[in-house]
Amino acid sequence: QVQLVESGGGWVQPGGSLRLSCVVSGRAINGLTMAWFRQAPGKERDFVAAKRWNTGSTHFDNSVKGRFTISRDNAQNTFSLQMNALKPEDTAVYYCAASQNGHPIVSVLFTPGTYDYWGQGTQVTVSS
């Protein structure tokens, strides 16, 4: 069955960079819509970024536009989140998610319930 495993989390100073990777098993990644979400303590799970499998289109939350990028490596079956210019407010547990659908309605991509599979999460802490 489909499994997602995140890695790359840790501590970084403000302004620094961090790269998260999500290794997918059980399904070719180019047939899955992939996304990243994050959740800070006591807060709801928020959308970060997503990439549709059918169109290849990418979508970012306004809070990370210009700082974060996502990429898909079909050969390695991995989905990555490159985070630059990190801020303390980026501190959260980051989750990789996958959906078998293309979701032509963009707003649907922002909702956690859209996704069929989730990773275990990886902690990202941004502080001095």
message: Contact between S80 and R19 at the side-chain level, heavy atoms closer than 4.5 Å - yes or no?
response: yes
field: Note, L20 side chain near T122 side chain (heavy atom, < 4.5 Å)
entry: yes
field: Within-4.5 Å side-chain heavy-atom neighbours: L109 and Y115
entry: yes
- prompt: D61 and V48: side chain to side chain contact (heavy atoms under 4.5 Å, CB included), yes or no, with the steps?
  reply: CA-CA 5 Å; D61 184 75; V48 177; 5.6 Å; no
- request: Tell me, yes or no, whether the heavy-atom count around E44 atom CD, taken from other residues, nucleotides or ligands under 6.0 Å, exceeds 12.
  value: no
- prompt: For W53 and N30, which heavy atoms make the closest approach, and how far apart are they?
  reply: CB-O, 3.5 Å
message: Quick one, C96 with W36, criterion side chain to side chain contact (heavy atoms under 4.5 Å, CB included). Give me CA distance, side-chain angles, the key distance, then yes/no.
response: CA-CA 5 Å; C96 180; W36 289 97; 3.9 Å; yes
- prompt: Do you know which two heavy atoms are closest between R38 and A92, and how far apart they sit?
  reply: CB-CB, 3.8 Å
task: Evaluate the side chain to side chain contact (heavy atoms under 4.5 Å, CB included) criterion for residues D90 and R67: first the C-alpha distance (whole Å), next the side-chain angles of each, then the deciding distance (0.1 Å), finally the verdict.
output: CA-CA 11 Å; D90 294 318; R67 299 190 297 123; 2.8 Å; yes
- request: Apply side chain to side chain contact (heavy atoms under 4.5 Å, CB included) to the pair R52 and V106, showing each step before the final yes or no.
  value: CA-CA 10 Å; R52 287 164 157 165; V106 174; 3.5 Å; yes
E6 backbone acceptor or donor facing Q120 side chain under 3.5 Å: yes
- prompt: If you take all heavy atoms of L32 and A98, which pair is closest and at what distance?
  reply: CD1-CB, 4.3 Å
- request: Check whether any side-chain heavy atom of N77 lies under 4.5 Å from a side-chain heavy atom of V23, and answer yes or no.
  value: no
query: Just one of Y95, F47, Y94 clears the ring-ring contact (aromatic ring centres under 6.0 Å, His included) bar with F37, so which one?
result: F47
task: Return the minimal non-hydrogen interatomic distance between F60 and K65, and the atom names on each side.
output: O-CE, 3.3 Å
field: Validation row: V24, Q3 side chains within 4.5 angstrom (heavy atoms)
entry: no
- request: Please determine which of I70, T58, L4 meets the side-chain contact (heavy atoms from CB on, under 4.5 Å) test together with M34.
  value: L4
- line: When every non-hydrogen atom of A40 is compared with those of T91, the smallest separation belongs to CB-O, 3.9 Å
field: Enclosure of Q76 CD (heavy-atom neighbours >12, cutoff 6.0 Å)
entry: no
